[in-house]
Undergrad: 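This structure is in structure tokens; I'll ask about it shortly.
We're numbering straight along the sequence, starting at 1.
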Amino acid sequence: MIVGVHPLAGFDKVLHYTVPEHLRADTVEGVLVRVPIVNRLHLAIVGEVGAPRDFPIEKLKAVAEVVYPFPALPPDLLRLARWMAGYYACGLDAVIETMIPAAVRRGAALKQEKRLAVARRAADDELATLRRRAPQQARLYEFLAQQFQPQAKALVLERLGLGAAVVVALVKRGLLREELRRIERVAYADDWAEGELVASQPHALNPGQARAVAALESDLGTGKFGVTLLHGVTGSGKTEVYLRAIHAALAHDGGVVFLVPEVALTPQTVARLRARLEAIAPGHRCVVWHSHLSEGERLDGWLALATGEARIVVGARSAVFAPVRNLRLVVVDEEHEPAYKQDETPRYHGRDVAVMRAKLTGARCVLGSATPALESFANAEAGKYGLLQLLERVDDRRLPHIVVVDQRIEAARQRTLPTLSQRLVDGMQARFARREQTILFINRRGYSSSMQCRTCGHTEECDHCSIALTYHRTDETLRCHLCGHVRPAPVRCPKCQAPDIRWRGLGTQRVEEAVKRVLPRARVERMDTDAMSKKNRLREILRDFRAGRIDVLVGTQMIGKGLDFPNVTLVGLVDADLSLHVPDFRANERTFQLLVQVAGRAGRGDRAGEVVVQTFTPQAEPIQFSRHADFAGFAAAELTQRKAFGYPPYRHLIQHQFRGRNAEKVGFFARQWAKRVEEVFGQRLELRGPAPSPTEKIKDEYRWQLWYFTPAVTPVMPELAKLRAEFAWPDDVIEVLDVDPVNLG
């Protein structure tokens, strides 16, 4: 038996090996093996069975070991890996390493414990003799005989005050058996989960939900691939529709992948799923999957899915690669979120990969959002996706009232630029008096976005990146949010030594300080990556906020979507312009999505909600459309502009990035490459650039970019990949293709 393998050894090539007789039963396509390469053993995935065409069979080496007696990459994932390697122009080995968790590849240790159980029943005379001659053995035997299942050896011996020799004697007599059992480390099954419990019984569906559930159940019954866009306003009960669809998939003996964009959303989603499964589908387990898990939790979750012990996985974008058996349903919640896009090789988009995986397995893919990505919405309008809409909130709750505050007028009225407008301050004080809760959102951490000297105009910038340093008051430092560079905050201007330093811009720390100033008795917490460094801190804050122990929550995008807090009646967007004025054709779309999603956190209980939006550009289309949650109107206006300029979704965009430490050299090779592409492709690709990236330097590397516009990616990628391989790139210039990018900075 001869197999071709894809080695995980830093090069993208198929190697062939013979399979020893004792390993042949377990060596199938997708199995993880160890093979000799030069003088070391390396991991590899079996990709094909058959002899090589141009290599003498007698010189082939043998497979050394089969790591797991089941495929680490089921056939659908192996096909998906090959598609990703071609579509995203990256090595197949890089894709496979992304699909298989590091804990699995490194062979992380299983957690095991010894357990004791009765092997056979002792006869009456045998037990009497045991009591007379070996009372300790009799006591241990009688204790275990009363148990319904094997007991942990260490705990039993500690409880009875016995030594290991007693066990050895009973095992020799054949009365006890000692077994080694794997202990599964289950994520989110600890004490913190108590604060995340939700109702386990399904509630009555409103007409819109009932139509959506019926349609999805019908689709799942066909066993055929299809994509459905579930467009529902915030608070319309999309999660309940997902849960009913999951139940239908399980009823058809299928597996489920449930993707969420942020780790912050995972505990609440897992709690809902586990509570529901326990009530209506006992025996089904839900595995958590994201990068913040321990190696043990990741390994045990992967094993549970790969062996079929569990059939449901919930997690961030990498959960799309979970080895779920008989996949029937893929749910992508908040499908519009940029967090689904990976920003390092392989630069895949979790939503698009989820659709392709569903296609390869004949599963149903459900994309859900209150503000769908315009690419998904355009596919639904064109008939490529089905469209289900939930236009009303559950229990006839009203959408929150949105008030737009013009900060230009506010600054003139208060004769200074306030962090919090008077309308927002009055609303917060009224909610605090009524024991209601407030969420304040600003998508920038730190205290101020820059430090500037009023005397000479000097601004402190990062030594390694072309951006200003952000001031953090909690530890009096200036920090770069791109490379992590840190330096003490100066008390005098480093250039002219003047003490007249001004801190410009807002961040979460400054907003938190302003809230404590106007609500000195309120309990205020900040939720951003700086405050969430301690393990379980995020879950602790969410639990306390849900329990009413926090009055005001200040945070970044991690609190802007998906979370459900019934007592929140006021949401404030402190600076709605942050995402609007950036060099990105998606700026309007991102701003609209952000406004609607954050506003949707208000009024999800019995009380009406209010949203205060602070902005210097109240006339901007995203802000005006968001006031009425008018997605259809916004989409029509934005898609008209996109079509006029040929931007996605009407054409695909491929971003070619070039970087290196020598700015002139990077620019030179970017221009030479662009000329070569024009010679080969002509009118088949539209090129824009090359030009320096908006953020020209990051981590001491200068960055240029070139854009390709094409009607379809698949036809051009093979030729583009061949051209890249033939081009004479210098060692100190790195080039990367990013297909369907979401961040153009």
Undergrad: Would a distance-only check, ignoring hydrogens and angles, find a side-chain to backbone donor-acceptor pair under 3.5 Å from Arg351 to Leu367?
TA: no

Undergrad: Donor-acceptor pair, Arg357 side chain versus Asp76 backbone, under 3.5 Å?
TA: no

Undergrad: Among side-chain atoms of Asp93 and His6, is any donor-acceptor pair under 3.5 angstrom?
TA: no

Undergrad: Do the non-hydrogen side-chain atoms of Pro323 and Ile100 ever get within less than 4.5 Å of each other?
TA: no

Undergrad: So Arg688 and Glu686, salt bridge (Lys or Arg N to Asp or Glu O under 4.0 Å) or not? Walk me through it.
TA: CA-CA 7 Å; Arg688 297 186 189 177; Glu686 180 189 343; 2.9 Å; yes

Undergrad: Below 4.0 angstrom, N of the basic side chain to O of the carboxylate: do Asp253 and Arg311 qualify?
TA: yes

Undergrad: Could you tell me whether Lys675 and Glu678 have a side-chain N and a carboxylate O separated by less than 4.0 Å?
TA: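 Looking at Lys675 and Glu678, the cut-off is not met.
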
Undergrad: Within the side chain of Tyr17, is there an N or O that forms a donor-acceptor pair under 3.5 Å with the backbone of Pro36?
TA: yes

Undergrad: Passes side-chain contact (heavy atoms from CB on, under 4.5 Å), Tyr68 versus Leu303? Steps please.
TA: CA-CA 10 Å; Tyr68 298 102; Leu303 284 172; 3.9 Å; yes

Undergrad: Taking all non-hydrogen atoms of both residues, which atom of Cys90 and which atom of Pro346 are closest, and how far apart?
TA: SG-CB, 3.5 Å

Undergrad: Report yes if the side chains of Val35 and Val63 come closer than 4.5 Å at any heavy-atom pair, otherwise no.
TA: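 A side-chain contact exists here, since the closest heavy-atom pair is under 4.5 Å.
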
Undergrad: Decide, yes or no, whether a salt bridge links Asp738 with Lys341 under the criterion of side-chain N to carboxylate O below 4.0 Å.
TA: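 Result for this pair is yes, salt bridge flagged.
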
Undergrad: Considering all heavy atoms of both residues, which atom of Leu706 and which atom of Ala674 are nearest to each other, and what is their separation?
TA: CD2-CB, 4.0 Å

Undergrad: Using atom types as modelled and distance alone, determine if a side-chain donor or acceptor of Arg298 lies under 3.5 Å from a backbone N or O of Pro101.
TA: no

Undergrad: Within a reach of under 6.0 Å around OH of Tyr385, are more than 12 heavy atoms found that belong to other residues, nucleotides or ligands?
TA: yes

Undergrad: Nearest 0.5 Å, please: how far is NE2 in His42 from CZ in Arg34?
TA: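 The NE2 atom of His42 is 11.0 Å from CZ of Arg34, to the nearest 0.5 Å.
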
Undergrad: Are more than 12 heavy atoms, taken from residues, nucleotides or ligands other than Lys699, located less than 6.0 Å from that residue's NZ atom?
TA: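 Check fails, neighbour count at 12 or below.
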
Undergrad: Please check if the side chain of Trp707 supplies one atom and the backbone of Gly689 the other of a donor-acceptor pair under 3.5 Å.
TA: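 Side chain of Trp707 to backbone of Gly689: no pair is present.
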
Undergrad: Which is it for Phe681 and Leu687 under the side-chain contact (heavy atoms from CB on, under 4.5 Å) test, yes or no, and what are the steps along the way?
TA: CA-CA 10 Å; Phe681 283 89; Leu687 274 65; 5.9 Å; no

Undergrad: Looking only at atom types and distance, does a side-chain atom of Arg347 sit under 3.5 Å from a main-chain N or O of Tyr88, one as donor and one as acceptor?
TA: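 Absent.
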
Undergrad: Compare all side-chain heavy atoms of Val739 with those of Met717 and state whether any distance is below 4.5 angstrom.
TA: yes

Undergrad: Given side chains that start at C-beta, do those of Leu250 and Ile312 come closer than 4.5 Å, heavy atoms only?
TA: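 They are in side-chain contact.
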
Undergrad: Is there a side-chain contact between Leu305 and Trp289 in this structure, where contact means two heavy atoms from C-beta onward sitting under 4.5 Å apart?
TA: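 Counting from C-beta outward, Leu305 and Trp289 do come under 4.5 Å.
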
Undergrad: What is the ring orientation for Tyr242 with Phe258, classed by angle as parallel under 30°, tilted 30 to 60°, or perpendicular over 60°?
TA: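 Correct class here is perpendicular.
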
Undergrad: Could you grab the distance from atom CZ of Arg285 to atom CD of Glu309, nearest 0.5 Å is fine?
TA: 5.5 Å

Undergrad: Quick check on Gln683: does its CD atom have over 12 non-hydrogen neighbours (other residues, nucleotides or ligands) under 6.0 Å away?
TA: no

Undergrad: Name the residue from Arg676, Arg684, Arg724 that meets the salt bridge (charged side-chain N to carboxylate O under 4.0 Å, His left out) definition with Glu719.
TA: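 By the salt bridge (charged side-chain N to carboxylate O under 4.0 Å, His left out) criterion, Glu719 pairs with just one of Arg676, Arg684, Arg724: Arg684.
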
Undergrad: So if I apply the side-chain contact (heavy atoms from CB on, under 4.5 Å) rule between Val257 and each of Val331, Leu327, Leu329, which one comes out positive?
TA: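 Of the listed residues Val331, Leu327, Leu329, the side-chain contact (heavy atoms from CB on, under 4.5 Å) partner of Val257 is Leu327.
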
Undergrad: Is there a side-chain contact between Ile37 and Phe11 in this structure, where contact means two heavy atoms from C-beta onward sitting under 4.5 Å apart?
TA: yes

Undergrad: Within this structure, what is the CZ-CZ distance for the pair Arg120 and Arg173, rounded to the nearest 0.5 Å?
TA: 9.0 Å

Undergrad: Just do the side-chain contact (heavy atoms from CB on, under 4.5 Å) check on Val46 and Val28 with the steps written out, would you?
TA: CA-CA 7 Å; Val46 175; Val28 296; over 6 Å; no

Undergrad: I need the minimum non-hydrogen distance between His252 and Gly221, along with the two atoms involved.
TA: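 Answer, listing the atom of His252 first, then Gly221: NE2-CA, 3.7 Å.
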
Undergrad: Is the shortest side-chain heavy-atom distance between His464 and Asp700 below 4.5 Å?
TA: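 Touching, per the 4.5 Å side-chain cut-off.
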
Undergrad: Of the non-hydrogen atoms in Leu259 and Ala354, which two are nearest, and what is the gap between them?
TA: CD1-CB, 4.2 Å

Undergrad: Verify, without hydrogens or angle tests, whether Glu334 (side chain) and Val332 (backbone) share a donor-acceptor contact under 3.5 angstrom.
TA: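 Checking the backbone N and O of Val332 against the side chain of Glu334, no donor-acceptor pair under 3.5 Å is found.
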
Undergrad: Could you tell me the separation between the CZ atom of Phe70 and the CZ atom of Arg325, rounded to the nearest 0.5 Å?
TA: 8.0 Å

Undergrad: Which atoms form the tightest heavy-atom contact between Gly350 and Val320, and what is the distance?
TA: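 So the minimum-distance heavy-atom pair works out to O-CG2, 4.3 Å.
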
Undergrad: Which distance, rounded to the nearest 0.5 Å, do you find between the CD of Glu701 and the CZ of Arg703?
TA: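 With rounding to 0.5 Å, CD (Glu701) is 9.5 Å from CZ (Arg703).
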
Undergrad: Please check if the side chain of Arg82 supplies one atom and the backbone of Leu92 the other of a donor-acceptor pair under 3.5 Å.
TA: no

Undergrad: With sequence neighbours left out, write down each residue that passes side chain to side chain donor-acceptor pair (under 3.5 Å) with Tyr708, or none if nothing qualifies.
TA: His656, Trp673

Undergrad: Please walk me through it: do Trp704 and Phe669 pass side-chain contact (heavy atoms from CB on, under 4.5 Å)?
TA: CA-CA 10 Å; Trp704 280 58; Phe669 276 94; over 6 Å; no

Undergrad: Rounded to the nearest 0.5 Å, what separates atom CZ in Arg79 from atom CD in Glu29?
TA: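 Here the interatomic distance stands at 8.5 Å.
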
Undergrad: Hey, is the main chain of Val260 close enough, under 3.5 Å, to the side chain of Asp333 for a donor-acceptor pair?
TA: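 Absent.
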
Undergrad: Does some side-chain heavy atom of Val742 sit less than 4.5 Å from a side-chain heavy atom of Tyr340?
TA: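 No. Closest side-chain heavy atoms not under 4.5 Å.
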
Undergrad: State, to 0.1 Å, how close Ala249 and Leu220 come at their nearest heavy-atom pair, and which atoms those are.
TA: N-CD1, 4.0 Å

